[in-house]
Amino acid sequence: MYNVNCDVAIIGGGPAGLAAAIAAKKEGAEKVLVLERDNAPGGILQQCIHPGFGLTRFKAELTGPEYYGRFVDEAKEVGVEYMLDTMVLEVCNETNEVVCTSSRYGLTCVKAKSIVLAMGCRERTRAGIMVPGTRPAGVYTAGAAQRLVNRQNIMVGKKVVILGSGDIGMIMARRMTLEGAQVVMVVELMDYLAGLTRNRVQCLDDFGIPLKLAHTITRIEGNERVTGVWVAPVDDKKQPIADKAEFVECDTVLFSVGLLPENELTRKAGIAIDPVTNGPAVNQYMQTSAPSVFACGNVVHVNDLVDNVSEESERAGKYAARYAMGKLDGEKKIVKCVTGRNVRYLCPQTIEANEVDGKVTLYFRVLQPEENVRLVARCGDTQLAKCKEFRVNPGEMCHLTVATKDIDGDVTVDVVKED
Amino acid sequence: MLKTDVVVIGAGAVGCAVARELSKYEVDVIVVEKNEDVGGDASKSNSAIIHTGYDAAPDTLESQLVVAANPMYDELCADLDIPFKRIGAILPAITDEQFEQLPAIKEKAFRNRVYDVEYKSGAELLEMEPELNPAVKGGLWIPRESIIDPFILVQAYAENAYANGVRFLLNSKVEGITTENGKIKTVKTSTEEIETTYVINCAGLYCDEVAEMVGKAEYKVVARKGQFFILDKNTSCQVEHIVLPIPTKITKGKLMCPTIHGNMLVGPTAEDQDSKLDKSTSAEGLASITTDVRNLIPNVNVRDTITQYSGLRPNRNPEGLNFDIWDDLEGYVNLSGVRSTGLTLSLSMGTFVVQQLLARGADWKRKENFIKKRKGIVKFSECTREEQDELVKQNPLYGNVICRCETITEAEILDAIHRPLGARSVDAVKRRVRAGMGRCQGGFCGPKVIEILARELGCSPADINKNNDGSNMVTGFTR
């Protein structure tokens, strides 16, 4: 087996891994090695050829490749190293070893001082939500179809129904239309949009693609290729109303029904997972339950904006570097982040209250859409931060920044209804 | 016009097992199959269990063949490199009524000469299988009930038959059979016409339609649908044995067991239907599985499902497994009623059919040089780190992981495509190496598998099918 030593090993060369690698290098880690299974860095952004990235971070509207291109350039400048075409098979947090394989080097053991998990996420499938019917060709997750269309120049179908109003689904509705396919409709189970409002406007409304809220696909038809789907409205309990189902002819069904953090390696390594996010529980350093292992990006919790991923990944990289250099210890006072009213999850899950940098940004998602609300972070009865929002919905992540010096116990975040 | 001695109709488990058994003799054999791949219909969507026959109707051909087949699998699976495990089955009685049935079930098992069925107390069963319903009162332990990879079983039969000279005509649907003076003469298929002495009808679901071609349709096939769940390897509630319900008069009921690759399998339903094509799943069917299996395994978590499928058992009306030959139709053999025990009895059915024909005067000599062994596709994910390293050194394509969920490499996919009777479709690759059978269901590897197939077969991605003709994965190129 081939052996490699490094200070910080980063698993995944997508936006999270790249930002973490650059930050680790800047913080002073000598050898930062990114392990990437694809033949180039960039991750999923390689197939995101549409604009809309970087509005927060760069105040510019970039395409996916333009966005990660900036990171690739910077990574080169600061001297980040890569192993491409390399699949990680195992992470051992006790020995800080990462076992991976590649055609070039065969089985390789990367011995690191700290590890950053940046594996991203995968898509929930048709089977994952148990849509009944036959199993013909022409059923894809939206991301798989996006890869075929944008990276392999292959068209997946001519007449398309999309289930799920997630961002990838809406973006693929536009993309398929631009490539000459007919997108019959986008069907959404909930009575509100799953993705960003701007995507509804730019990808559906501008192209006259109907959005059917509170509807679902109850059955897929076709023996060889898809011939159509049954679409039915749902009741208050999200159960389809069978006798109102209508047959919609199509040859392709795309599923954009949610993303799942890809934590097979994390689980195998015995690292604690938050059952709500399905990602490792972290503190504000993005440090997991295994002190030498950090995590960032969609492997921790699914983000809607890559700009946020970059920010939190920089933190992961910075502290992973500090850990590797023996500069991340000292007395610890750990408090929990607690979900209050209308909050589904919080990231980070814990805070080290005596941290040096002074500020912690809490990212969270709401359970239900609501209007005229106040977002509040508090310690007991002491308010730490607040912010007014006209509208919150589960598809758009919220955040609040608190000062660590104010924290003297568990931090609760509530979404409070304004009168 | 092709010429042969024996035409076997259908490349499912039984057809391929019969062909392989014939290939031990100096006799020319052609297997005709309507699908694009070997593997059949019922043979590729079932519960993947090698039964003991403990619950068969005693003194029937089905009982004979199932009971005989079970002990034959150790050697077969060693010779042909087929994943197989003797994990045993538990038949727990949850209610008093079920408990009272146990002696009769055991008695029946003994009448079927399955003498290793044993009574276990509730406490013993809970120790063996902690996820069992704690209300269990006792039950039976059936140690030789086993699990197998049903896809590899049929591929292995077929590949081994092929290695011993059997020809396979895929994508070839039988359209007619001609006879002359009470003897079989030719088989007409959608691709070739074949002159032959024997026809063995192993057409499963369609065996009644084939029988009709020679005027011997004395029965009808009734498709009995069985829907299943496959659960993620990580699912919280797992069993180590096959957990079977006490059968009712109507059905054997719904079971839970591990698959040979470490997933959990839950099902099946039993729904008779007219269509032989409708393999759809239904919300009601799937819900009934959950309800029923919870009686056995209360914590089963079907939310962890990674796929659902259904298969059609070729049930016969009137019922029962039948081997038929007729004095007025020389050379014709009809197999019908090969239902849920079909996968298991395929092996003994092969030897049985050949023996019957030998006994009736077929003068086939045993081959001197029969190739007994088949080497399967190396599974990178099951190798030790040292073996993996060695594999990549020998062939760098073992270093290119294509399917991340199941850790399947490009070298394995190429082997699946280029070996005899190799994969021509996405599903055929999946059934050979499991690329796309994991939790992302091909979301990650699917696009790559299409590209690899097109490259290796020298065709456009638009020509790559999911399985049969018309199931094109994609429609062409972008603008």
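Every chain is numbered from 1 and lettered A, B, ... according to where its sequence line falls, protein lines coming before strand lines. Below, each value reflects all heavy atoms present in this structure, side chains not excepted, and no hydrogens, waters or symmetry copies.
Contact of R135(A) with chain B is made through backbone and side chain together, with heavy-atom distances under 4.5 Å. With a threshold of 4.5 angstrom between heavy atoms, T407(B) approaches chain A through side-chain atoms but not through N, CA, C or O. Neither the backbone nor the side chain of L391(B) comes within contact range of chain A; no heavy atom of the residue lies under 4.5 Å from a heavy atom of that chain. Heavy-atom distances place no part of V139(A) under 4.5 Å from chain B, backbone and side chain included. Proximity to chain B is limited to the side chain of M87(A), based on heavy atoms less than 4.5 angstrom apart. With a threshold of 4.5 angstrom between heavy atoms, L397(B) approaches chain A through N, CA, C or O but not through any side-chain atom. L178(A) touches chain B through its backbone: at least one of N, CA, C or O sits under 4.5 Å from a heavy atom, while the side chain does not. Neither the backbone nor the side chain of E123(A) comes within contact range of chain B; no heavy atom of the residue lies under 4.5 Å from a heavy atom of that chain. Using a 4.5 Å cut-off between heavy atoms, Y309(B) contacts chain A through both its backbone and its side chain. Interface remark: P461(B) contributes side-chain atoms only to the contact with chain A (heavy atom separation under 4.5 Å). Only the side chain of Y140(A) comes within contact range of chain B, judged by heavy atoms closer than 4.5 Å.
Salt-bridge formation is detected for the pair K225(B)/D278(B): a Lys NZ or Arg NE/NH1/NH2 atom is positioned less than 4.0 Å from an Asp or Glu carboxylate oxygen. Looking at D232(B) and R303(B), no side-chain N of the basic residue comes within less than 4.0 Å of a carboxylate O on the acidic one, giving no salt bridge. Between R455(B) and E451(B), no side-chain nitrogen of the basic residue sits less than 4.0 Å from a carboxylate oxygen of the acidic one, so the salt-bridge criterion is not met. Here R432(B) does not pair with E412(B) in a salt bridge; the nearest charged N to carboxylate O distance is not below 4.0 Å. By the 4.0 Å N-to-carboxylate-O rule, D37(B) lies close enough to R431(B) to be salt-bridged with it. Between D272(B) and R224(B), at least one side-chain N (NZ, or NE/NH1/NH2) sits under 4.0 Å from a carboxylate O, which counts as a salt bridge.
Between R147(A) and Q152(A), the side chains place a donor N or O and an acceptor N or O closer than 3.5 Å (distance only, hydrogens not considered).
In terms of non-hydrogen atom pairs under 4.5 Å with chain B, the most contact-rich of G157(A), G222(A), G143(A) is G157(A). When each of Q388(B), R385(B), Q441(B), K448(B) is scored by its heavy-atom pairs under 4.5 Å with chain A, the top score falls to R385(B). Of the listed residues (L286(B), N472(B), N467(B)), the one with the most heavy-atom contacts under 4.5 Å to chain A is N472(B). The candidate with the highest count of non-hydrogen atom pairs below 4.5 Å against chain A, out of Q227(B), R404(B), E386(B), K279(B), is R404(B). Among I129(A), T252(A), T125(A), the residue making the largest number of heavy-atom pairs under 4.5 Å with chain B is T125(A). Counting heavy-atom pairs under 4.5 Å between each of R219(A), K158(A), R225(A) and chain B puts R225(A) at the top.
The SG atom of C109(A) sits 6.0 Å away from atom CE of M1(A), with the distance rounded to the nearest 0.5 Å.
Counted within 6.0 Å of CZ on R174(A), heavy atoms from surrounding residues, nucleotides or ligands total more than 12; the atom is thus considered enclosed.
Partner of E262(A) under the salt bridge (charged side-chain N to carboxylate O under 4.0 Å, His left out) criterion, out of R124(A), R37(A), R267(A): R37(A) alone.
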**Report entry** Working for side-chain contact (heavy atoms from CB on, under 4.5 Å), residues S256(A) and L163(A)
**Finding:** CA-CA 6 Å; S256(A) 175; L163(A) 179 64; over 6 Å; no
